[in-house]
Colleague: 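Mind looking over this structure? Questions follow.
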Amino acid sequence: MRGWCAQRHIAPAAGIRALPVKTATIPASAETRRLLAVRADERIGYRHVALACGDTVLSVAHNWYVPGRLTAQMNRTLETTRTPFGKAVADTHFTRQRLAAIRGRGPGCPAGTVLTHRAVLHRASDGLPISLVVECYTRANLMAGAR
């Protein structure tokens with residue numbers, strides 16, 4: 001991803017970082033639990049981050065995930081680092097099932113969102129869902145390369 005940021009003149013040689021957004025945890029709804037195929041007593045983690053290249057925020061993401069379906073190392077990485085979710089769980093070889101793509105600001109997205117995606121990530125080994133993500137893409141994605 002370092003090359004992606006540099007090629008678009010967003011930030012020289014900067015990788016994409018997940019910067020924690022300081023808000024209250026949004027509990028998993030009944031629909032989220034259904035999409036993640038978890039029991040009522042099964043723990044669901046929540047991560048709210050801004051994905052940035054250097055100082056430029058590319059997107060804001062809400063991510064509900066099932067810690068019990070990830071390795072201990074993946075959970076540690078998600079809880080203690082600025083590693084983007086997809087990179088942290090890459091060894092699951094997940095597939096992405098897009099549920100919605102909305103032009104503009106979707107539910108849970110901040111003002112200035114130009115595109116909203118909602119998707120479930122499934123573990124390749126057995127197809128079990130590991131995450132529900134809502135991604136709110138900023139105008140910076142449209143300006144990339146135009147500088």
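Heavy atoms only: backbone and side chains are in, while hydrogens, waters and symmetry mates are out.
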Colleague: What I'd like to find out is whether the side chain of Thr92 reaches to under 4.5 Å of the side chain of Leu70, using heavy atoms alone.
Modeller: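 They are in contact (side-chain heavy atoms under 4.5 Å apart), so the answer is yes.
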Colleague: Under 3.5 Å, is there a donor-acceptor pair between the side chain of Ser131 and the main chain of Tyr65?
Modeller: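 Such a contact is absent between Ser131 side chain and Tyr65 backbone.
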Colleague: Give the ring-plane orientation class for Trp64 versus Tyr46, where under 30° counts as parallel, over 60° as perpendicular and anything between as tilted.
Modeller: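 Because their plane-to-plane angle lies in the 30° to 60° range, the rings of Trp64 and Tyr46 count as tilted.
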Colleague: Does the side chain to side chain contact (heavy atoms under 4.5 Å, CB included) test come out yes or no for Thr138 and Val114, once each step is laid out?
Modeller: CA-CA 6 Å; Thr138 69; Val114 296; 5.9 Å; no
Colleague: Strictly distance-based, threshold 3.5 Å: is any side-chain N or O of Arg33 a donor or acceptor partner for the main-chain N or O of Glu42?
Modeller: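 Checked: pair present.
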Colleague: If you take all heavy atoms of His62 and Gly108, which pair is closest and at what distance?
Modeller: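 Heavy atoms only, the tightest pair is NE2-O, 2.9 Å.
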Colleague: I'd like to know if the side chain of Asn63 and the backbone of Val133 have a donor-acceptor N/O pair within less than 3.5 Å.
Modeller: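 Not confirmed, Asn63 side chain does not pair with Val133 backbone.
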Colleague: Answer with yes or no whether the hydrophobic clustering places Val89 together with Val49; edges join I, L, V, M, F, W, Y residues whose side-chain heavy atoms lie under 4.5 Å apart.
Modeller: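 In one cluster: no.
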Colleague: What's the spacing between Leu132 CG and Arg34 CZ if we round to 0.5 Å?
Modeller: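 Interatomic distance, Leu132 CG to Arg34 CZ, rounded to 0.5 Å: 10.0 Å.
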Colleague: Evaluate His48 against Val134 for side chain to side chain contact (heavy atoms under 4.5 Å, CB included), listing each step before the verdict.
Modeller: CA-CA 10 Å; His48 185 193; Val134 174; over 6 Å; no
Colleague: Do Leu35 and Leu99 pass the side chain to side chain contact (heavy atoms under 4.5 Å, CB included) test, and can you show the C-alpha distance, the side-chain angles, and the key distance before you say yes or no?
Modeller: CA-CA 10 Å; Leu35 289 168; Leu99 302 176; 3.9 Å; yes
Colleague: Evaluate Val57 against Leu51 for side chain to side chain contact (heavy atoms under 4.5 Å, CB included), listing each step before the verdict.
Modeller: CA-CA 6 Å; Val57 174; Leu51 295 173; over 6 Å; no
Colleague: Strictly distance-based, threshold 3.5 Å: is any side-chain N or O of Thr77 a donor or acceptor partner for the main-chain N or O of Gln73?
Modeller: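 A pair under 3.5 Å: yes.
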Colleague: When rounded to the nearest 0.5 angstrom, what distance separates CG in Leu36 from CD in Glu31?
Modeller: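 Rounded to the nearest 0.5 Å, the CG-CD separation comes to 10.0 Å.
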Colleague: Donor-acceptor pair, Arg123 side chain versus Gly127 backbone, under 3.5 Å?
Modeller: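 No, the answer is negative, given that no donor and acceptor are paired below the 3.5 Å cut-off.
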Colleague: Testing the basics here: between Leu58 and Ala140, what is the closest heavy-atom pair and its distance to 0.1 Å?
Modeller: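 Looking at all heavy atoms of both residues, the shortest contact is CD2-CB, 4.2 Å.
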Colleague: Distance from Ile26 atom CD1 to Thr32 atom OG1, nearest 0.5 Å?
Modeller: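 The OG1 atom of Thr32 is 9.5 Å from CD1 of Ile26, to the nearest 0.5 Å.
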Colleague: Tell me whether Thr116 contacts the main-chain N or O of Gly104 through its side chain, where contact means a donor paired with an acceptor under 3.5 Å.
Modeller: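 Yes.
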Colleague: Restricting to non-hydrogen atoms, name the atom on Ala88 and the atom on Met74 that form the minimum distance, rounded to 0.1 Å.
Modeller: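 Result for this residue pair: O-CG, 3.3 Å.
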Colleague: Could you tell me which non-hydrogen atom of Phe94 sits nearest to which non-hydrogen atom of Gly86, and how far apart they are?
Modeller: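 So the minimum-distance heavy-atom pair works out to CE2-O, 3.6 Å.
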Colleague: Within this structure, what is the SG-CZ distance for the pair Cys109 and Arg118, rounded to the nearest 0.5 Å?
Modeller: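 Atom-to-atom, Cys109:SG and Arg118:CZ are 11.0 Å apart.
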Colleague: Any donor-acceptor pair under 3.5 Å linking the side chain of His122 with the backbone of Ile130?
Modeller: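 The answer is no, because no donor-acceptor pair under 3.5 Å joins these two groups.
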Colleague: So does Leu78 get a backbone contact from the side chain of Arg47, meaning a donor-acceptor N/O pair under 3.5 Å?
Modeller: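 Yes: the side chain of Arg47 pairs with the backbone of Leu78.
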Colleague: Rounded to the nearest 0.5 Å, what's the gap from CG on Leu128 to CG on Leu121? Could you check?
Modeller: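 If we round to the nearest 0.5 Å, Leu128:CG and Leu121:CG are 13.0 Å apart.
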Colleague: Between Arg69 and Pro129, is there a donor-acceptor pair closer than 3.5 Å when you use the side chain of the first and the backbone of the second?
Modeller: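 At least one qualifying donor-acceptor pair exists.
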Colleague: Counting only N and O atoms by type, is there a donor-acceptor contact under 3.5 Å from the side chain of Thr113 to the main-chain atoms of Leu115?
Modeller: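 Flag not set: sc Thr113 to bb Leu115 has no pair under 3.5 Å.
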